[in-house]
Amino acid sequence: MRLTMRLPPDFAFQTAVCSHGFFVLAPNRWDPTRQALQTVVALDDVQAVVVDVRASRDGAKLNVVADSARAETADASRAAIRHAVRRMLRLDEDLSPFHRMCRRVPGHRAAARCRFGRLLRGASLFEDIVKVICTCNVTWRQTVRMVANLVDTFGVPCAGEPGQRGFPTPQRLAGISAAELRRRCSLGYRGDYIAELADRVAGGELNLDVLADATRPTDTLARELRQIRGVGDYAAAHLCMLLGRYERLAVDTEMVRFVEQRTGRRPSPAALRRMYNHWHPYEFLAYWWELWTGYTDRHGPSHEWTVAGVGRRITQ
DNA sequence: TTCCAGGGGTAGA
DNA sequence: TCTACCCATGGA
């Protein structure tokens, strides 16, 4: 099955895929030689499909190739794949106001030139929440392993492709005990949080569509995200970013270290907010550009260092 | 063996 | 609102 998707004029494919660590988290994979994003999209709770995404030569559209889609439900499969790709690459977002701000700041002009800002996310908000929980208080390498374990063990299978699975849906994880998630996926105490989240979403108690509603205030969204067990200030801010709200800084050890290295002083969360408040409402993107471009300058393209992880070890 | 990682929950003040 | 303590896991 082949699809084409028209791209917005300020879109850059590699920048969108490789500017955030999610491109190395299962079921995603980046092929630097072919400049292709390979992923697995769950069509429902029981069947997934391998998807290969590349930009056209002129950069005007995406060419999407999907294997194994069921012929009898081709229209539904097509819609599910389009929806997933559109969400992952944020094709509906308009970042031109952020790029206008960048053009006025010498250190950020390159961000506008390379159309930085569409940071890759998951095919669903459930996937994003689980992945963010898996980043908390572990090395990035462990995050990569935990997510791979979740997908390999409980992911949505592909017909005819036994080694390929899509990210597990809430329904697939619901009813699996926290102890089993811990044991089979090395999630540690995060297994409790993920088991509870899956049960609440699958049971209808927690409606993630409400959280994804772009018309609601960011403060309300952040407060509701904090109600999810396992989601604190850092995770809520990061999830706000993944939902297209960039005004909250996700303060973690990485950000504190980054600013401490530049200023020589350990910043408080309030000081960090003051440093970036002139970028409102794009505080997170301004910070992320500085962090990411700094790593890329020192260590080369992100696909060469992202699996091993950003942070202390690579910067030493 | 000890420390710590892209923190979070809970209790107590 | 702040602090102290605990929470699994695995690499250095």
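The model shown is predicted, which means the values in this text are computed figures rather than measured ones. Every chain is numbered from 1 and lettered A, B, ... according to where its sequence line falls, protein lines coming before strand lines.
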Going by salt bridge (Lys or Arg N to Asp or Glu O under 4.0 Å), name the pairs with one or both residues in residues 211-220 of chain A, residues two or more places apart or in two chains. A:Arg216-A:Glu224, A:Asp219-A:Arg248
Can you label the angle between the A:Trp288 ring and the A:Trp292 ring as parallel, tilted or perpendicular, going by 30° and 60°? parallel
A:Asn137 CG - B:dC3 P separation (whole Å): 15 Å
According to side-chain hydrogen bond (donor to acceptor under 3.5 Å, both in side chains), who are the partners of A:Arg86, at least two apart in sequence or on a separate chain? A:Asp92
Who are the side-chain hydrogen bond (donor to acceptor under 3.5 Å, both in side chains) partners of A:Asp233, not counting sequence neighbours? A:Arg226
In whole Å, what is the span from the CD1 atom of A:Ile129 to the P atom of B:dG7? 19 Å
Rounded to the Å, how far apart are A:Leu249 CG and B:dG6 P? 18 Å
Measuring from the side chain of A:Arg145 (C-beta onward, heavy atoms only), which nucleotide among C:dG10, B:dG6, B:dG8 has the closest atom? C:dG10
Separation of C:dA12 atom P from A:Gln142 atom CD, nearest Å, is 11 Å
Which of residues 224-240 of chain A have a heavy atom under 4.0 Å from DNA chain B? A:Arg226, A:Ile228, A:Arg229, A:Gly230, A:Val231, A:Gly232, A:Asp233, A:Tyr234, A:Ala235, A:His238
Positions of residues 176-195 of chain A (non-hydrogen atom under 4.0 Å from DNA chain B), listed by number: A:Tyr189, A:Tyr193
May I have the distance from A:Arg257 (atom CZ) to B:dA5 (atom C1'), rounded to whole angstrom? 8 Å
CD of A:Glu254 versus C1' of B:dC4: gap in Å, rounded? 14 Å
Quick check: A:Phe98 with A:Tyr282 (ring centres under 6.0 Å apart)? yes
Using 30° and 60° as the class boundaries, would you call the ring planes of A:Tyr287 and A:Phe258 parallel, tilted or perpendicular? perpendicular
Tell me: CZ of A:Arg141 to P of B:dC4, nearest whole Å? 19 Å
Applying salt bridge (Lys or Arg N to Asp or Glu O under 4.0 Å) as the test, list every pair that has at least one member in residues 6-29 of chain A; sequence neighbours left out. A:Asp10-A:Arg118
Taking B:dG6 as the reference, what is the distance to C:dC5 when you measure between their P atoms (whole Å, please)? 24 Å
Centroid under 5.5 Å and tilt under 30°, A:Trp140 to B:dA5: no
Under 30°, 30 to 60°, or over 60°: which ring-plane class applies to A:Trp30 and A:Phe13, parallel, tilted or perpendicular? tilted
Specify the separation, in whole Å, of atom CG of A:Asp128 and atom C1' of B:dG6. 15 Å
Heavy-atom pair of closest approach, residues A:Pro27 and A:Glu127: CD-OE2, 4.1 Å
Counting just side-chain N and O atoms, does A:Thr139 come under 4.0 Å of either OP1 or OP2 of C:dT9? no
